[in-house]
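Below: the structure, in C-alpha cells.
Chain letters run A, B, ... following the sequence lines, proteins first, then strands; residues in each count from 1. The structure displayed is predicted, hence computed values, not measured ones.
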Amino acid sequence: MVTDPSARSLPTRLAADTRLFYLLPVLALFVPLLTNPYTQFVVNLMLVYVLVAVGFNIVIGNLGQLAFANTAFFGIGAYATGLLMADAGLPFWAALIPGGAMGALAGFLASVTALRGIRLYYLAIVTLAFGELMRWIYVHADVITRGTDGLPVPMATVFGLALDSEVKKFYVFLAIATVVVKGTSNLLRSRVGRAIVAIKDNEFATASLGIPTARYIVLAFVWSGFVVGIAGGMFAVLIGRVVPDSFGLIELIFHFAMVMVGGFGSLAGSVLGAIVLTAVPEYFRSFPGLEEMFFGALLVLVLLFLPKGLASFFARYLPLFRQRFYRE
Amino acid sequence: MLSGIAQGAIYALVALSMTVVYRATTIVNFGHGDMVMAGAFVAYLLVVLQGLPFLPAAIAAVALLFVLGVAIQRGLIEPIKAGPHIGFAMMSIAVGYVLRGIARAGWGREVLPMPRVFDIPPIFVGDLILTGDAIAVIGVVAAFLIAFFVVFHWTRIGQVIQAVYQSERGAALVGINVSAFHSVMWGVGAAMAAIAGVLLAPITLLYPDLGANFLIRGFAAMTLGGFGSLGGAIAGGLLLGIAEQLLGFYVTTKLIDIAAYLVIIAVLILRPVGLFGKAAIVRV
Amino acid sequence: MTLRALFNSSLAALAAVLLASPASAADTTGITDTTIKIGIPGPFTGNASSYSKAEIGLDAYYKWINDQGGIHGRKFETILEDYACAEAKGIAAAKKLIYQDKVFMLHGNSCSAVAMAMKPTIVEAGVPWVVAHAVNDKISSPPTKNIFHGVPVGGTYGLAMAKFVMSKPGTKTVAIIQHSNDWANSYCKPAKEYMASKGIKPAIETTLERGQTDATPQVLQIRQLKPDFVIACLYEAETAIFLNDMRKYNVSVPVMGTAGTDLENTLKRVGDLETVKNYFVPHNYVDNTEGPRMKKWNDIILKYYPKETITGFSAISMGSAVAVVEALKRVGRDLTREKFLAEMDKTKDFDTGILAGKITWSATDRDGVKEAAVAGFVNGKPTVLKSWGEPLFK
C-alpha cells in the first residue's frame, strides 16, 4: 500500500491530476443549482478573474518578469470586444477572439521592452506607465471609447442564443475558461513552458544552451496578453459596460494579489487565488471600510507565512498543486 | 514656472527617499506614496485634533514615520528576505494598502482641510510670480537636501552609508552592522516621505488616495534621473515638475496627468539609464 | 435513488433554473405584514465615499419615519450596500439586494457611472428604483417602467449655472475649467449649450484632472484672458485647490461651481473667506445648508448619525424619500410594487420641504426635479440667490 503520493510513478500521478482537473468543470456544471442571480454573478466574476490570474501568472510567475501591464491587456481586451459588439455588431462568440488577439498584440508590445534588456524595476515601471497611458487614452479618445461614461455593451449572443441571465453566461464562461486554462496548462507543460521557466531561473544559462530566449519571452507575453484579453472580453459582457476606471492601479494590485496569494508560478494556485480573492470582498460587504484594511492585512499575512501562496499549502495534500515547473 | 519648481521639489524629495531605500536594500517601496500620505495624515491629526502648532506637529510626524519605517523593515521585510524578490514588491504594496485602509477608516467620508500655514502674499517679479507656498516648499526642500548631502559626504555616518551602498559584503567585513543599517535606512526613507507629506498638507487637500499620484511621479523622477542615483532623483524630480507645468500651460492641460508616464516611456526608449544612472540592462 | 434517477432530477432542476419565469403581476416582494425592505446602494468606501453622505441622510430619514410610527403599520428595514464607486461591485450590490435580500425597492446611488452599469439589472428585475443623488440624465431618460430620478439631473444644474453666469451684467467672456470625465460634462455641457444659444462661446476650456494637487497652469491661462466669469466643473478637493490657486495668483473672477460642492465646506477647506467670496454653486435646498428651514432635516440626520458632519450632500436624498413616503401612504395598507409605481407617477408639484424644486413624476417623464437655485456668499454668509446680486429671501 503506497502511502506517499510522490512515491507513485510519474505517469500515475499525472493521470490522477488530470482526472481531478477534468472533474472540476463537470462538478461546476451543477453550481447554478445552488446559486441565486447575485451569487451566480459573483461566480461568473470569479471565472473572469481566474483567466486574469492565470494569464498574469505566466509573465510574473513562470517567466518571472515584473511586467505590470496586466490591466492594459485586460482593458484592451474589454474595449476591443465591447467595440466590436457595439459598433460592428458582432455577436459575442465572434468578438471574443479578436479581443484576445488585441490583448496578445499588447503583450507583444510589452515584450519589446523586455527584449531590449529592460528588466526588474524598470520593466515594472514602464509597463505600469503603459497601463496608465492606455487608461488616459480610454478617457480621451472618447469619440471611440465613449470616455468615462463607459461603453455600453449590447446583449451577448452565442450562435443565436442570447445570454440574458447569469446562469447562461456561466455556462459559456465556464466553457471558455476551461478551454483556455487547459490550453495554458498544456503550453506550460510543453517544451515552451519549460523554456520559459528556464529563462526565469537563469537567462544566461538558458541562452548558452542554445535556446532562443527572445522567442520564448515574446511567446510568454503574447500568450499572457491573449488570455487576459479574453478575460477582458468576458468582463465587458458580464458588467455590460466598459469603463476606464476599471483598469487602474487598484485593479492591478488586485490582479497581483490573486497571483501572489495563489502562489507564483502555480497554475492551480492562480485559479485558487482568483476564486478566493473574488469571494472575500463579497463576504466583507457587511463591514465597509474594513475591507481595504483586511485585504492589505491578508496580503501581509500571506507574504509572511505562506510566501509560496495557497498552492504550497495544498501541495501537501493534492499533487495537482505540486506541479511546479521549477525548483525552489 | 516657480510652482513647477515647487512641485518638482516635492517630487524630488519623494524620489530621493525612494532612492535612499532602494540603494540601501535594493527594494523599491511601492507603498511609498502611501507613506507620504501617512505623514500628511499624522501631521493633520496632531494639528487639528491635538491642537499642536504646525512645526512641532511636523517634526513629530516625521519622527513617527521614521519609527514606522524601521518597524516595517524589521517586522515585514526582514522575515521574507529569503523569498523571491518579487515578494518585497508585493509586501510594500500590501503595506501601502493597509495604510490607506487605516487612513480611510479614520478619515471616514470627509475630505480634510489643513489650516493655512504659509500665508505670505505673492510677490510679483516682472512676469514671474512667487507664491508663499512655493517659496516655503522650495526653501525647506533645499535646506533639507543641503543638510542631507553634508551628512552624506562629510560625516562618519555618511561614510558608513556610502560604504554599504557600494558593497554590502565589504561593509559587513569591516564591521558595519548591515542589518541595522537596513532598518535605519527604511526609517530614513519613511521620514523623508513624511517631510514631503507634511509640506503638502497645508498646500493641498488630504485624502487617502493621494499617495498613488506621488508614487508614479517618484518613479518617473527616478527613471528620468537614473535609477539608484541620488543626484539623479533630485534632478529628475525637478525636471518632471517643471515639465508638467510647461506642458500644461503651453500645450494642453490634459497632458499634465500623463506627463509622468510619457516621461517614463520616453526615457526608457531613448536613454534607459536616465541622466545619471548606471546600466541595468541585461543583454543575452 | 439510482444514479439514473439522480441524473434525471438534476437535469430537471437544471432545466428549471434555466427556464425560470419572472415574477407575477401582484408583486409584494420585500413586503411583510410589518416591514418594507429598502435597499440603499451607495459609495460608502472608496474615493467617492464623501458622496455617501446622501445615503446616510436617506437612511436617517427612513429611521425617523419608523419612529413616527411607520406607514400603515409597517416599518422600514433599510439595507445599505457599498459599491465603492466601482461598476462590478455596483452590479453585485444590486443583484444581492434584489435576488438575495429581496428588497421592495432600491433608493440611493451617488455615482452616475455605476448607476448606469446597474441599470440593466434593475430594469430587468422590475424593481422600483429612485435615484437620489447621481445626476446623469441617461439614467431616467428615456423613461422605463421602474426608474425615478429624485434630484435634478446634470442638465438642470447646468442650466441654472449658465443662467446665473449670464445674469451678471456685462458677462461676455467665460472660461471653463473641468475634469475630463462625464460627471463634469453632465454639468458643463448643458451650461455651454445654453450659453451658446445666447451667443456666448467659452473663451477658453481647460482641464484639471481629479487627483491633481496644483492648478497653476490653468489659473495662469485664465489670468491671461481676464474673463468675466469662470465655470468650474470640479469635484470638492480640486475646487478648493483651484480656488486657492486663483487667490495665490490674485485672480479675482467669480467662479461658478457644480452641485458636487457646497459653500460651507469649501470655505472650511480653503480656510478663509477672501478665497471663496466669489464662489457660487447650484443649490438644491429651500434654504442654506445651515439655515432655519433645513434645521429639521439636519436634526433628523444627527439623531441617528450623531457623528456625521452636515454638508451640502447630506440632505439631498431625503427630498425624494419624502415623496416616496407620501406615495406609500397614498397606496394604503394593501401594498404592491405596481400600486406603488402607479402612485409615484401621480406625484405632481410635490413640495418636499427640502428641495428647492418641486417633484413631478409621470410615466412619460421621470426627471422629477426641474429646478435648481444658486447660492453664494453675501456679506460673508451663504445665501440662496435668485440671480446675480438678488437673494431669494429678502
Side-chain angles (χ1 to χ4, degrees), chain A residues 60-61 64-66 68 113-114 116-126 128-133 135-137 139-140 199 203-204 206-208 213-214 217 248-250 252-253 256-257 259-260 264-265 289-305 307-308 328, chain B residues 22 26-28 30-31 75-76 79-80 82-91 93-105 107-109 208-209 212 215-216 219-220 222-223 227-228 254-255 257-258 260-265 267-269 272-274 277 279-284:
Chain A
I60 55 172
Q65 296 295 329
L66 275 182
F68 289 156
T113 42
R116 288 197 59 188
I118 297 172
R119 288 297 141 81
L120 296 173
Y121 293 116
Y122 282 106
L123 188 63
I125 293 166
V126 78
L128 231 150
F130 177 46
E132 286 295 291
L133 195 63
R135 205 155 62 84
W136 187 89
I137 293 177
V139 170
H140 287 97
I199 295 174
E203 199 166 341
F204 285 109
T206 313
S208 71
T213 52
I217 291 177
L249 289 173
I250 298 180
L252 183 70
I253 294 176
F256 199 55
V259 177
M260 194 203 80
F264 290 112
L290 290 182
E291 188 215 307
E292 224 174 354
M293 261 196 291
F294 234 82
F295 195 75
L298 175 70
L299 295 180
V300 169
L301 287 173
V302 168
L303 275 165
L304 283 178
F305 300 115
K308 303 212 186 59
E328 276 303 299
Chain B
Y22 174 66
T26 70
I27 297 174
V28 174
F30 281 85
L76 299 173
I80 60 170
H85 210 74
I86 206 171
F88 295 127
M90 197 57 206
M91 182 60 90
I93 294 177
V95 167
Y97 216 82
V98 174
L99 286 175
R100 232 181 310 150
I102 296 176
R104 215 189 296 283
W107 241 294
R109 286 176 281 272
D209 299 300
L215 184 71
I216 298 287
F219 276 153
M222 283 173 85
T223 310
F227 233 80
K254 288 191 193 173
L255 282 180
D257 220 20
I258 53 163
Y261 307 127
L262 293 175
V263 162
I264 291 174
I265 293 176
V267 167
L268 283 170
I269 293 178
V273 298
I281 296 193
V282 172
R283 283 229 181 268
V284 180

* **B:Leu76 portion near chain A, given a 4.5 angstrom heavy-atom threshold** => both
* Heavy-atom contact with chain B under 4.5 Å, split by part of A:Ile60 -> both
* **Pairs of heavy atoms under 4.5 Å with chain A: top-ranked of B:Leu262, B:Val95, B:Val98, B:Val263** => B:Val98
* Asked: Which pair of heavy atoms, one from B:Phe30 and one from A:Ala124, lies closest together, and at what distance?
  -> CZ-CB, 4.4 Å
* Asked: For B:Tyr97, which residues count as a side chain to side chain donor-acceptor pair (under 3.5 Å) partner, sequence neighbours excluded?
  -> none
* Find the one option among A:Leu128, A:Ile253, A:Val139, A:Thr206 whose heavy-atom pairs under 4.5 Å with chain B are most numerous. => A:Ile253
* B:Ile216 and A:Leu249: side chain to side chain contact (heavy atoms under 4.5 Å, CB included), yes or no, with the steps? -> CA-CA 10 Å; B:Ile216 298 287; A:Leu249 289 173; 4.1 Å; yes
* Interchain contact, A:Ala257 with chain B, by part (heavy-atom threshold 4.5 Å) -> both
* Is it the side chain or the backbone of A:Phe68 that comes within 4.5 Å of chain B heavy atoms, both, or neither? -> side chain
